[in-house]
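Working notes, beginning with the structure itself.
Quick note: numbers below take in every heavy atom, side chains included, and nothing from hydrogens, waters or symmetry partners. Numbers here simply count residues along the sequence, with the first being 1.
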Amino acid sequence: MKIKYESFIPVSDTSVHNCFQDLIANIGQLTGRGFEMFFSDSWRFEFDLQGFLGQGGAIGEHMKVEAEYSNEYFQKYHGIAVSHLLANPLNHKSFAEVLLNLEEGFPLIILIDNYIIPWGKDYLKTHSPHYIMPIGYDRDTNTVQCIDPIFSKNIEVLPADLLNEYNLREVIYKLDVLEKYEEPSLMDYIQDIKSLSQRIYSENHVEDIASLSKLIGESGFDVLREFSVDESADFWNCALLLSLRRVIFGRHYFSKILNSASLRYRNKDFYFLSTEANSICKQWENIRLLLFKAYYTKKINSKDLSKRLLNIAVLEEQFIDTLLNNDLRTLPHPTGSLTPPVKRASDIHVNLNIEHLFNNKGFAHNEGYNADFTGLGEFLMESHSAVNAKKFTPDIQKRFDNISCAAETIILPPEKVGYYDFISIIGCAEWGDCTDSLQVVYEDNEVILFPLNITDWAAEKPRFGEEVVWEGICGNKDKEKEPASMKVYIYDQTIKISKRKKIKEIKLPQCPNIHIFSIELIDSQTR
């Protein structure tokens, strides 16, 4: 099928993809065919405990997590066929074949040397491998048009003579967007999900997650050892964070293919499974965010990290059991409303006194003084005004002004124990968006978990439906750092409470990257 590239703007998501995966996503978006099933077989985890105990070194060096790609499912579900065109070393005949395929309209994915990419950041500086997508060849100018979403939002031009045996590496992938392909049925999808579930069961070693949890709980987590990398390398390229990136990638895309199936076939069972897979993915993401912060602060709560891993092991075992042992057409459906909560002027708002739990100072005058929001000397500059002063106005005089969540328990005084419909959280996250949960304890001691999703303080816009209540600038007490310029925000996140019982306690998550400035309970008086 002839692909139209006019007005196409390459899109990159480096938080999830590497350069090869970005290109697959772009061809799926460009054709409107999608791409998720290409990544469907990537849910993996393996940790060699005996190797670690015998050889030592960093934990990350003994994790084995590799993404697997499915050409079969890419063609079956998205109508895009992938084949190996040829491999190095290239000769004159095979080079001509590359150009001929481009002239005929077949996009390619090639691994090339960053050193010779004019629009890249390593041009004529560093030799390193990088995937790009040639999409056409102009014989008159002897140039190749290329897509490279990581380094450019444009369709770039590369001299064809640079595509030689010295700059190309390994295999070249040919993409063929089929004119017609048969849409798989719901039964096809169920059968393939069952097949993938068997693969997850055999390749994803849940017991290794539990072993890693026990190891960290008993021996601690050595921050310096895990983040020890070559001085020329970025810390996120250490073995542990690279493995975690692959772990998150696999769960992220399994969740996406289930959600895609729920939309394609209007099937609530797949939606239920996608939310479960996404919840597991978010738990892994929280661990990665905590590790990012640990790199800079040189400390982490090993017991908390151990607990998080053990919880993930339990969730993954339960999820895999659901996949293997249930008819996917008769799963229990998720409860609760998927629409944002509706609040009215007649609602009764009850503010909770949480100042005795404050353990962090975020706001300060321009000099910073004793504020340190992130542990790196960063703070919120008080000189900037609130967006919604009725909901939140900072108090610069307080010694501490927020809770950096560490599993605090908020006990409601007797006069405030009652029926509530919403919990309003004024806060934000740091080192990325955070997804965790609040424990709500009712008068009969029943405990219900409610999701607490908070957007990063430096995000361009709220990602979980929050309302911005304050915006300003991030300052830094380190005068050698760049002048304050990064915009930061504080949000109001409103959580709907589904149970109609009296609330007596709220327990916050063990997640120091979540900061809470105030909590309010709301009664809509509609019992």
Side-chain angles (χ1 to χ4, degrees), residues 13-17 45 59-60 63 65 209 212-213 216 221-224 226-227 229 234-252 255 277-312 315-316 359-360 362 372-378 380 402-407 425 427-438 451-464 466 474 486 488-491 493 508-516:
D13 184 1
T14 54
S15 66
V16 177
H17 301 146
F45 188 90
I59 287 172
M63 290 174 65
V65 185
I209 304 175
L212 180 57
S213 165
I216 292 174
F221 181 86
D222 190 330
V223 174
L224 296 179
E226 292 302 325
F227 294 122
V229 293
D234 296 315
F235 81 92
W236 52 79
N237 285 324
C238 71
L240 177 61
L241 291 181
L242 286 176
S243 291
L244 271 179
R245 183 190 181 106
R246 298 183 192 112
V247 168
I248 292 167
F249 176 84
R251 284 120 183 104
H252 172 78
S255 171
N278 186 57
S279 175
I280 292 170
C281 178
K282 294 300 183 183
Q283 296 302 315
W284 282 110
E285 286 182 352
N286 284 346
I287 287 178
R288 183 169 65 168
L289 296 177
L290 291 172
L291 291 174
F292 281 166
K293 185 169 184 176
Y295 169 78
Y296 288 103
T297 61
K298 309 304 179 191
K299 59 184 180 182
I300 194 169
N301 186 328
S302 297
K303 297 295 184 185
D304 172 57
L305 182 57
S306 172
K307 263 188 208 177
R308 287 175 179 273
L309 287 167
L310 186 58
N311 181 56
I312 287 173
L315 291 175
E316 293 209 355
N359 57 8
N360 179 276
D372 190 354
F373 192 59
T374 63
L376 302 175
E378 296 171 313
L380 301 122
N402 73 90
I403 300 172
S404 175
C405 290
I425 304 284
C428 62
E430 48 157 316
W431 291 106
D433 305 333
C434 283
T435 298
D436 217 299
S437 58
L438 288 176
L452 174 60
N453 303 321
I454 298 286
T455 301
D456 181 76
W457 68 325
E460 293 182 357
K461 61 180 180 179
R463 297 192 177 97
F464 303 108
E466 305 105 315
C474 167
M486 182 175 76
V488 288
Y489 306 88
I490 292 175
Y491 314 96
Q493 174 61 283
L508 303 181
Q510 173 68 50
C511 186
N513 290 19
I514 294 178
H515 294 261
I516 296 177

Working note: E316 + R251, criterion side chain to side chain contact (heavy atoms under 4.5 Å, CB included); need CA distance, chi angles, decisive distance, verdict.
CA-CA 10 Å; E316 293 209 355; R251 284 120 183 104; 2.7 Å; yes
Determine whether F292 and N513 satisfy the following criterion, side chain to side chain contact (heavy atoms under 4.5 Å, CB included), listing intermediate values before the conclusion.
CA-CA 10 Å; F292 281 166; N513 290 19; over 6 Å; no
Are S255 and C281 close enough, and set up right, to give a side chain to side chain contact (heavy atoms under 4.5 Å, CB included), and what steps lead you there?
CA-CA 8 Å; S255 171; C281 178; 5.7 Å; no
With side chain to side chain contact (heavy atoms under 4.5 Å, CB included) as the criterion, how do L212 and F45 come out once you've worked through the C-alpha distance, each side chain's angles and the decisive distance to 0.1 Å?
CA-CA 11 Å; L212 180 57; F45 188 90; 4.0 Å; yes
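Atom CD1 of I490 is separated from atom CG of N402 by 8.0 Å, given to the nearest 0.5 angstrom. Rounding to the nearest 0.5 Å gives a distance of 6.0 Å between CG of L241 and CG of L291. Atoms OG and CZ, on S213 and R308 in that order, are 12.0 Å from each other to the nearest 0.5 Å. Atoms CG and CG, on L452 and L438 in that order, are 4.5 Å from each other to the nearest 0.5 Å. With values rounded to the nearest 0.5 angstrom, K282 atom NZ is found 8.5 Å from N286 atom CG. Rounding to the nearest 0.5 Å places CZ of F227 at 6.0 Å from CG of L240.
A heavy-atom distance below 4.5 Å is not found between the side chains of Y296 and T374. Residues P512 and L290 form a side-chain contact, since some pair of their non-hydrogen atoms from C-beta on lies under 4.5 Å apart.
In this structure a side-chain-to-backbone donor-acceptor pair under 3.5 Å is present from S302 to F221. Between the side chain of E226 and the main chain of G60, a donor-acceptor pair closer than 3.5 Å is present. A distance-only check finds no donor-acceptor pair linking the side chain of N453 to the backbone of T435 [under 3.5 Å].
The minimum heavy-atom distance between I516 and C405, with the atom names listed, is CD1-SG, 3.7 Å. Of all non-hydrogen atoms in F373 and G362, the two that sit nearest each other are CD1-CA, 3.6 Å. Between I514 and P509, the shortest heavy-atom distance links the atoms CD1-CG, 4.2 Å. Contact between N237 and L242 at its shortest, heavy atoms only, is O-CD1, 3.3 Å. Across A459 and Y489, no two heavy atoms sit closer than the pair O-CE1, 3.2 Å. Minimum interatomic distance between F464 and Q493 (heavy atoms only, all atoms of both residues): O-NE2, 3.3 Å.
By the 30° and 60° cut-offs, the orientation of the rings of H17 relative to F249 is perpendicular.
Geometrically, K298 engages Y295 in a cation-pi contact defined by less than 6.0 Å to the ring centre and at most 45° from the axis.
Between the side chains of E466 and T455, at least one donor N or O sits under 3.5 Å from an acceptor N or O.
Counted within 6.0 Å of NZ on K293, heavy atoms from surrounding residues, nucleotides or ligands total more than 12; the atom is thus considered enclosed.
With D433 as the partner, the salt bridge (Lys or Arg N to Asp or Glu O under 4.0 Å) test is satisfied by one option alone out of K461, R288, R463: R463.
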